[in-house]
Amino acid sequence: GRRLPEPPRTLALAWSGDDSKVMATFDNKKFKVWDSRTGDLLHTLGAHTEFCFTIDVHPVDHRIAVTGGYDGMIIIWDIEKGEVIKSFEEEGDEIVDLQLSHDGMRLAVTTRRGGRLLLFSYEPDNYWK
């Protein structure tokens, strides 16, 4: 008999800061955004090339979410528009966790292979460095 493909597995969930959206990352490289009030799917985003493993939301600017994946990519998203704002790549490593600071001005990232802690800061002229 023919086997049906397994549905993608959810890897991480997050609410937007204003609770208007729910987001999830998946093992099929996708990142999805739903309207929390209606349940409507707003965006299916696919900039990652491997598992989109972790997510965090900006504590002040509710349009912003950040994802990290096994592709070494850290992607800052505008979840209102469904667009990439900026991305970084830690070549040859996997992003296993990330967290924005309480003021949203800094981002801490951990990697799997190198076991490193990476710190990024907000720069008004270049959004993140």
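Because only heavy atoms are used, hydrogens play no part in the values below, and waters and symmetry mates are left out as well, while side chains stay in. As the structure is a prediction and not an experimental result, all values here were calculated from the model.
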Cation-pi check for Phe51 against Lys29: NZ or CZ below 6.0 Å from the six-membered ring centre and within 45 degrees of the axis, yes or no? no
Tell me whether Ile74 is reachable from Phe31 by hopping between hydrophobic residues (I, L, V, M, F, W, Y) whose side-chain heavy atoms are closer than 4.5 Å. no
Val96 with Phe26, same ILVMFWY side-chain cluster at under 4.5 Å: no
May I have the step-by-step check of side-chain contact (heavy atoms from CB on, under 4.5 Å) for Glu90 and Leu118, ending in yes or no? CA-CA 10 Å; Glu90 286 303 309; Leu118 309 171; 3.3 Å; yes
Quick one: does Leu41's side chain get under 4.5 Å of Lys32's, heavy atoms only? yes
Does His48 use its side chain to pair, donor to acceptor, with the backbone of Lys30 at less than 3.5 Å? no
Within the side chain of Thr25, is there an N or O that forms a donor-acceptor pair under 3.5 Å with the backbone of Ala12? yes
Test item: Met23 and Leu13 side chains (from C-beta on) under 4.5 Å apart, heavy atoms: no
Who pairs with Asp71 by salt bridge (charged side-chain N to carboxylate O under 4.0 Å, His left out), at least two apart in sequence or on another chain? none
Which heavy atom in Pro59 sits nearest to a heavy atom in Ser101, and how many Å separate them? CG-O, 3.4 Å
Checking Ser36 side chain against Ser20 main chain: does a donor-acceptor pair fall under 3.5 Å? yes
Which salt bridge (charged side-chain N to carboxylate O under 4.0 Å, His left out) pairs, counting each pair once, include a residue from residues 36-56, with sequence neighbours left out? none
Minimum heavy-atom separation for Val57 and Gly17, please, with both atom names. CG2-N, 4.3 Å
Is there a donor-acceptor pair under 3.5 Å between the side chain of His62 and the backbone N or O of Lys21? no
Pair His43-Lys81, side-chain contact (heavy atoms from CB on, under 4.5 Å): steps then yes or no: CA-CA 9 Å; His43 306 292; Lys81 296 178 182 175; 5.9 Å; no
Nearest heavy-atom approach of Cys52 to Leu11 is O-CD1, 3.5 Å
State the CG-OG1 distance between Asp97 and Thr54, to the nearest 0.5 angstrom. 4.5 Å
Path from Val66 to Ile95 over hydrophobic side-chain contacts below 4.5 Å: yes
Rounded to the nearest 0.5 Å, how far does CG of Asp78 lie from CZ of Arg63? 5.0 Å
Given the options Leu98, Ile75, Thr67, Ile55 meets side chain to side chain contact (heavy atoms under 4.5 Å, CB included) only with Thr67
Listed by chain and number, what are the side-chain hydrogen bond (donor to acceptor under 3.5 Å, both in side chains) partners of Asp19, not counting sequence neighbours? none
In terms of side-chain geometry, is the basic nitrogen of Asp93 or Arg113 positioned less than 4.0 Å from the acidic oxygen of its partner? no
Nearest heavy-atom contact between Glu94 and Tyr70 is CG-O, 3.4 Å
Aromatic centroids of Phe88 and Phe120 separated by under 6.0 Å: yes
Has His58 got a side-chain atom pairing as donor or acceptor with Gly104's backbone, closer than 3.5 angstrom? yes
Flag yes if Trp34 and Leu45 sit in one hydrophobic cluster, no otherwise; membership is Ile, Leu, Val, Met, Phe, Trp, Tyr, and two members link when side-chain heavy atoms are under 4.5 Å apart. no
Please check if the side chain of Ser121 supplies one atom and the backbone of Arg106 the other of a donor-acceptor pair under 3.5 Å. no
Step by step, work out the side-chain contact (heavy atoms from CB on, under 4.5 Å) result for Leu119 and Leu107. CA-CA 6 Å; Leu119 300 173; Leu107 175 67; over 6 Å; no
Establish whether Val84 and Val109 are linked, either directly or via other cluster members, by ILVMFWY side-chain heavy-atom contacts under 4.5 Å. no
